[in-house]
J.: 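Can you keep this structure in mind? I'll have questions shortly.
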Amino acid sequence: MSLTTEQREALITLCCSAKKKAYVPYSKFRVGCGLLGANDEYFSGCNVENASYGGTICAERVAIVKAVSEGTKEFKGIAITCDMVDEFVSPCGMCRQVIVEFARDIPVLLVKPDRTYIEHNMKDLLPGAFTPQTLADYNEKRNDTA
C-alpha cells in the first residue's frame with residue numbers, strides 16, 4: 001500500500017501538531033503521531049506520561065486506541081515525530097506490536113522537526129511479527145489434532 005503526496009503531507013502535519021500536545025513532565029521527550037484509517041479518516045496521538053512510569057502511553061498507541069474506539073480498525077499509513085533533529089526515531093517495540101495488530105503492511109513515516117522524513121514499511125520494522133494470523137494458524141492446527 002502506498003500513500004499519495006497529499007496523504008503524506010497530512011500525516012506529517014498531523015504528527016507535528018499532535019507532538020505539541022504531549023504531556024511529558026518527566027522525560028521531556030515529546031512524540032506525536034498521525035494515523036490514516038482505511039476509511040480516509042485521520043487520527044492523532046501524543047505521548048502521555050505518568051508518575052507511575054508503567055502508566056505512560058506512547059503517541060502511536062494513543063492514536064490507535066482513539067481510532068479503534070471510534071470503530072476504525074484498518075489503516076493506510078502512520079507518521080511519527082519527536083524533537084530529535086539529528087536522527088529519525090522509530091516506534092518502540094510495544095508500539096510496533098500494537099501497530100502490527102491492525103496494520104502489517106503499511107507505510108511508516110519517521111519525521112524530523114523540519115518535516116524531512118524517511119519511509120519504512122511496518123513489516124520491515126517488525127519482521128517475524130506475532131500477529132492475529134499467528135493465533136489463527138495455531139488454533140486451526142490445534143483443532144485439527146483434537
Side-chain angles (χ1 to χ4, degrees), residues 1-24 27 29-50 53-145:
M1 182 179 299
S2 67
L3 298 169
T4 66
T5 300
E6 293 79 17
Q7 289 169 329
R8 279 186 184 82
E9 285 302 315
L11 284 170
I12 290 168
T13 297
L14 191 58
C15 74
C16 291
S17 176
K19 178 181 71 172
K20 296 174 185 174
K21 300 173 185 171
Y23 176 73
V24 292
S27 73
F29 191 82
R30 300 184 309 164
V31 179
C33 177
L35 181 65
L36 176 58
N39 59 359
D40 292 322
E41 188 172 353
Y42 288 89
F43 301 90
S44 65
C46 63
N47 52 329
V48 179
E49 294 182 344
N50 191 281
Y53 294 140
T56 295
I57 185 167
C58 300
E60 300 92 325
R61 288 184 283 142
V62 168
I64 289 171
V65 167
K66 284 170 67 174
V68 171
S69 72
E70 295 297 320
T72 300
K73 296 182 184 114
E74 295 179 8
F75 303 100
K76 290 183 178 179
I78 190 168
I80 300 122
T81 192
C82 69
D83 290 321
M84 293 180 69
V85 296
D86 296 331
E87 61 186 275
F88 296 98
V89 175
S90 190
C92 72
M94 186 179 298
C95 285
R96 291 177 193 210
Q97 183 63 46
V98 171
I99 295 166
V100 83
E101 176 78 14
F102 298 98
R104 175 84 177 113
D105 188 18
I106 63 166
V108 179
L109 308 179
L110 307 179
V111 183
K112 288 184 180 179
D114 67 1
R115 298 177 62 91
T116 59
Y117 69 92
I118 58 173
E119 185 172 324
H120 292 284
N121 188 287
M122 193 58 226
K123 64 184 175 190
D124 298 324
L125 291 179
L126 191 59
F130 186 85
T131 66
Q133 189 61 50
T134 305
L135 289 173
D137 292 347
Y138 167 76
N139 286 323
E140 183 178 316
K141 288 177 186 174
R142 196 175 99 218
N143 291 335
D144 287 346
T145 61

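Side chains included, hydrogens not; waters and symmetry mates left out as well; all remaining heavy atoms used.
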J.: Between the main-chain N or O of Phe29 and the side-chain N or O of Asn47, is there a donor-acceptor pair closer than 3.5 Å?
T.: yes
J.: With a 4.0 Å cut-off, would you call Arg96 and Glu60 a salt bridge?
T.: no
J.: Check whether any side-chain N or O of Thr116 sits under 3.5 Å from a backbone N or O of Lys112 as a donor-acceptor pair, and report yes or no.
T.: no
J.: Determine the minimum heavy-atom distance between Cys15 and Ala79, stating which atoms define it.
T.: CB-O, 3.5 Å
J.: Are the side chains of Ser44 and Ser17 in contact, using a 4.5 Å heavy-atom criterion?
T.: no
J.: Please assess Val89 against Ile80 for the test side chain to side chain contact (heavy atoms under 4.5 Å, CB included), listing each intermediate value before the final yes or no.
T.: CA-CA 8 Å; Val89 175; Ile80 300 122; over 6 Å; no
J.: Taking atom types as modelled and ignoring hydrogens, do the side chains of Thr81 and Arg30 form a donor-acceptor contact shorter than 3.5 angstrom?
T.: no
J.: Looking only at heavy atoms, which two atoms of Lys76 and Leu3 are closest? And how far apart?
T.: O-CD2, 3.6 Å
J.: Has Glu74 got more than 12 heavy atoms of other residues, nucleotides or ligands less than 6.0 Å from its CD?
T.: no
J.: Do Leu11 and Ile78 have side chains that approach each other closer than 4.5 Å (heavy atoms only, starting at C-beta)?
T.: no
J.: Between atom CG of Asn139 and atom OG1 of Thr134, what is the distance when rounded to the nearest 0.5 Å?
T.: 11.0 Å
J.: If you look at every heavy atom in Ile106 and Phe75, which pair is closest and at what distance?
T.: CG2-O, 3.2 Å
J.: How close do Asp137 and Gln133 get, counting heavy atoms only, and between which atoms?
T.: OD1-NE2, 2.6 Å
J.: Hey, what do you get for CD (Glu41) to CG (Leu35), rounding to the nearest 0.5 Å?
T.: 10.0 Å
J.: A quick test of your reading: do over 12 heavy atoms of other residues, nucleotides or ligands sit less than 6.0 Å from CE of Met94?
T.: no
J.: Might you point out which heavy atoms bring Cys46 and Val62 nearest each other, and give the distance in Å?
T.: O-CG2, 3.3 Å
J.: Measuring from atom CD1 of Ile99 to atom CZ of Arg61, what distance do you get when rounded to the nearest 0.5 angstrom?
T.: 10.0 Å
J.: Does Thr13 use its side chain to pair, donor to acceptor, with the backbone of Ala10 at less than 3.5 Å?
T.: no
J.: Which heavy atom in Phe43 sits nearest to a heavy atom in Leu14, and how many Å separate them?
T.: O-CD2, 3.1 Å
